[in-house]
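Just so it is clear: chains get the letters A, B, ... in the order the sequence lines come, proteins before strands, and each one is counted from 1.
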Amino acid sequence: MPESRRLDRLTSMMRRRGIVFPSFEIYGGVAGLVDYGPVGATIKRKVVECWIDHWTSEGDIVEIDSPTITPKSVLVASGHVGEFNDYMSECRTCDSAFRSDHLIEGMHENPDSLDGGELDSIISSNNIPCPNCDDPEWAEARPMNLMFPTTIGAMGGGREAYMRPETAQGMFMLYPSLYRHFKQKLPFGAVQTGRGYRNEISPRQGMIRLREFNMAELEYFIDPENPPGKSGLDQTHGEIVEMISDPEGESPGNHRISIQSALNDGIVKHPTVASFLARTYEFLVKIGIDGERIRFRQHAGSEMAHYASDCWDCEIHGEYGWIECVGIANRTCHDLESHEAYSGTNLLRAWRQFESPRKVSKEVLSPNGSVIGPIFRQKAGEVASAISGLEGTPPPTPFKLALEDGSEVEITSEMVTLKKEEGNVHGEWFTPHVIEPAFGIDRIIWHVLDHAFTEDGKDSEDYVTLRLNERVCPYDLSILPLFDKDGMDELANSLLSEILSIRGVQVNLDSTGSIGKRYARADEIGVPWAVTVDHSSLVDGTVTIRNRDNQQQIRVGTEKLISHIESGDISSLF
RNA sequence: GCGCCUGUAGUGAAGGGGUUAUCACAAGAGGUUUCCAACCUCUUGUCCCGGGUUCAAAUCCCGGCGGGCGCACCA
């Protein structure tokens with residue numbers, strides 16, 4: 001068993017047994033698109049269901065579902081249109097392509113803000129050499145948009161849109177409704193699972209970098225002044241995990257530490273982020289990822305996404321090395337504020353009630369319409385609203401007042417009345433902060449399969465067992481009639497239909513080949529239990545149940561078996 | 001997007017300008033006193049696509065598509 005080939009054996013098993021295939025293969029295939037086959041689709045669904053259940057089981061998080069087609073304006077506000085329009089410059093000599101803003105690093109304060117022409121002129125005036133061949137001959141910078149563009153509306157004049165690059169925007173769009181659903185009380189969250197699209201330049205590594213992929217994202221809305229998680233994490237969070245903190249931060253380096261201690265030591269700065277790191281670890285282990293092959297890595301300030309103020313990657317180790325499978329980011333108020341600004345809505349806020357009402361007395365200037373009107377005529381309305389909009393202590397008259405259009409007017413004492421307002425303020429509006437764990441489902445499934453794939457040398461042959469956790473196995477059990485005749489076939493079939501009728505239970509009947517071969521087939525795709533119908537079954541109604549991972553067998557009556565299948569705990573029979 | 005390597009049944013491989021393309025495993029039918037990949041008989045199924053060279057192309061050449069690796073990219 002040469003180890004270098006394990007990846008090949010795993011991927012060919014996945015094709016052979018119907019887990020994952022390249023898509024559209026009879027037309028030559030498309031890089032970066034994959035199909036889940038009859039076995040893989042069930043595994044995927046179970047991983048997703050387990051994920052939803054993991055986050056929604058405490059009542060503070062609900063599930064939503066949004067369109068994948070997203071109007072351009074949403075993605076302009078979120079920053080994706082700008083961010084995804086990175087410019088690329090191609091070297092005329094060696095054809096290498098580089099991000100234009102990277103080439104002029106340090107030569108401009110904000111390279112992101114430049115258009116193609118500006119980038120080109122900086123590149124040429126600085127005579128920037130190609131990092132590959134040193135020649136300073138560059139083609140014009142061209143925008144490289146990694147989103148899939150589309151148009152809403154079949155005829156001309158349609159609205160510009162993109163396939164969503166993340167599901168998160170759906171949760172932000174639904175914030176007002178979530179806020180109402182949760183009775184206007186933070187914290188609360190929403191999850192969404194579904195497809196995301198990124199038109200990768202060069203998809204690689206099988207299902208690791210896809211162009212259309214399954215994501216599962218949680219947006220958790222909190223009051224930044226009262227972040228949940230402060231009071232300590234619950235008992236599961238004492239697990240020692242590997243954490244690699246920001247190399248540019250205060251305590252750089254690798255730590256083997258519990259997440260609770262990492263929070264106490266200031267390695268993780270935000271209590272809610274810490275809590276989600278812990279619950280992410282818990283989820284991954286729950287579906288069968290090896291806890292020893294999980295680590296958390298903090299983003300350096302320089303690699304941070306445009307929207308994030310703090311970000312941890314959860315990386316899982318497998319055949320491709322350490323792969324980022326989950327990103328946990330503190331997106332702060334970036335998205336909600338930005339959508340508020342672009343859309344003009346005021347619904348993206350939350351109310352923070354003061355513990356006791358605050359007495360406020362302040363002086364305000366009230367415009368005197370009868371004086372302002374005749375003096376400023378058409379501009380009077382604008383002047384009046386500018387006066388009302390003055391903040392802080394009113395200036396003494398006369399004073400200069402700036403208007404929206406940039407002009408200035410002089411305000412004299414006759415134009416305004418000084419009023420004293422007194423009252424109680426019971427609270428204030430603020431924009432919630434958002435903590436976002438974002439899961440790459442396909443990458444997680446890959447690692448679940450990788451970690452479950454075990455090859456034991458039985459005799460000279462490699463014997464493959466997919467030691468999947470029962471939560472994510474493609475079939476809950478296989479029914480195997482020892483002989484496909486003499487009544488065993490009928491008994492097996494009636495058992496099959498009885499078990500199939502149990503809600504949510506997947507069963508597979510296999511009656512071809514030797515019994516050993518059928519066990520092997522079931523083991524290879526991770527079926528945890530094999531139920532064999534034999535001669536004794538015909539006499540006394542008992543069957544044998546075999547455990548996939550240790551081949552242990554017991555004999556039980558079918559009634560008892562069925563009741564344990566219904567309650568989901570076959571293992572307690574052993 | 002560039003460079004190197006590469007593409008043969010479901011999977012893994014062998015071969016290769018010339019009759020009907022080979023093998024193993026898998027799959028299907030049947031047989032078999034089959035509880036850990038047993039055996040026997042039969043069966044199905046393959047040269048990625050397009051163009052070129054040639055009397056003849058799965059084989060050589062070019063292009064495309066896919067895969068692997070490296071460079072670049074990966075919010």
Practice item. Output yes when at least one side-chain N/O atom of A:K517 is less than 4.0 Å from OP1 or OP2 of B:C25, else no. Key: no
Phosphate contact (B:A38 OP1 or OP2) by A:S514 side-chain N/O below 4.0 Å: yes
Side-chain donor-acceptor contact under 3.5 Å, [X] with [Y]:
X	Y	result
A:N330	A:H433	no
A:T70	A:R164	no
A:Y463	A:D523	yes

Between [options], spot the one nearest the side chain of [X], thanks.
X	options	answer
A:R521	B:A27, B:A37, B:G67	B:A27
A:T512	B:C35, B:U34, B:G28	B:G28
A:D534	B:G67, B:C35, B:C73	B:C35
A:I515	B:U34, B:C73, B:A37	B:U34

hbond_proxy [X] side chain to [N] base (donor-acceptor, 3.5 Å cutoff):
X	N	result
A:R518	B:C36	no
A:R211	B:C74	no
A:Y27	B:C65	no
A:E200	B:C73	no

Whichever of A:I26 and A:L482 has the more 5' nearest nucleotide on RNA chain B, that residue is A:L482
Judged by nearest nucleotide, the residue sitting upstream toward the 5' end of RNA chain B, A:Q552 or A:G29, is A:Q552
- Item | Sidechain N-carboxylate O distance under 4.0 Å for A:R331, A:E436 | yes
Here the distance between atom P of B:G66 and atom CD of A:Q205, to the nearest Å, is 17 Å
From CG of A:D484 across to C1' of B:C35 the rounded distance in Å is 16 Å
Checking base pairs now: Watson-Crick or wobble, both atom distances under 3.5 Å. What partners [N]?
N	result
B:G63	B:C49
B:A21	none
B:A57	none
B:G30	B:C40
B:C35	none
B:G70	B:C2

Paired with A:E315, the side-chain hydrogen bond (donor to acceptor under 3.5 Å, both in side chains) test is passed by just one of A:R293, A:H447, A:R295, namely A:R295
Base orientation of B:U44, chi within 90° of 0 counted as syn, else anti, reads anti
Flag the pair A:Y197 / A:F213 as yes when their ring centroid distance falls below 6.0 Å, and as no otherwise.
no
Kindly say whether the aromatic ring centers of A:F148 and A:Y162 come within a distance under 6.0 Å.
no
Nucleotide by nucleotide, nucleotides 3-14 of chain B touches protein heavy atoms under 4.0 Å in the pattern (B base, S sugar-phosphate only, - none) -------SSSS-
Please classify the nucleic acid contact of A:V543 as base, sugar-phosphate, or nothing, using heavy-atom distances under 4.0 Å.
nothing
Looking across every strand, which nucleic acid part, if any, lies under 4.0 Å from A:G18 by heavy atom: base, sugar-phosphate, or nothing?
nothing
Using 30° and 60° as the class limits, which term best fits the ring planes of A:F283 and A:W51: parallel, tilted or perpendicular? perpendicular
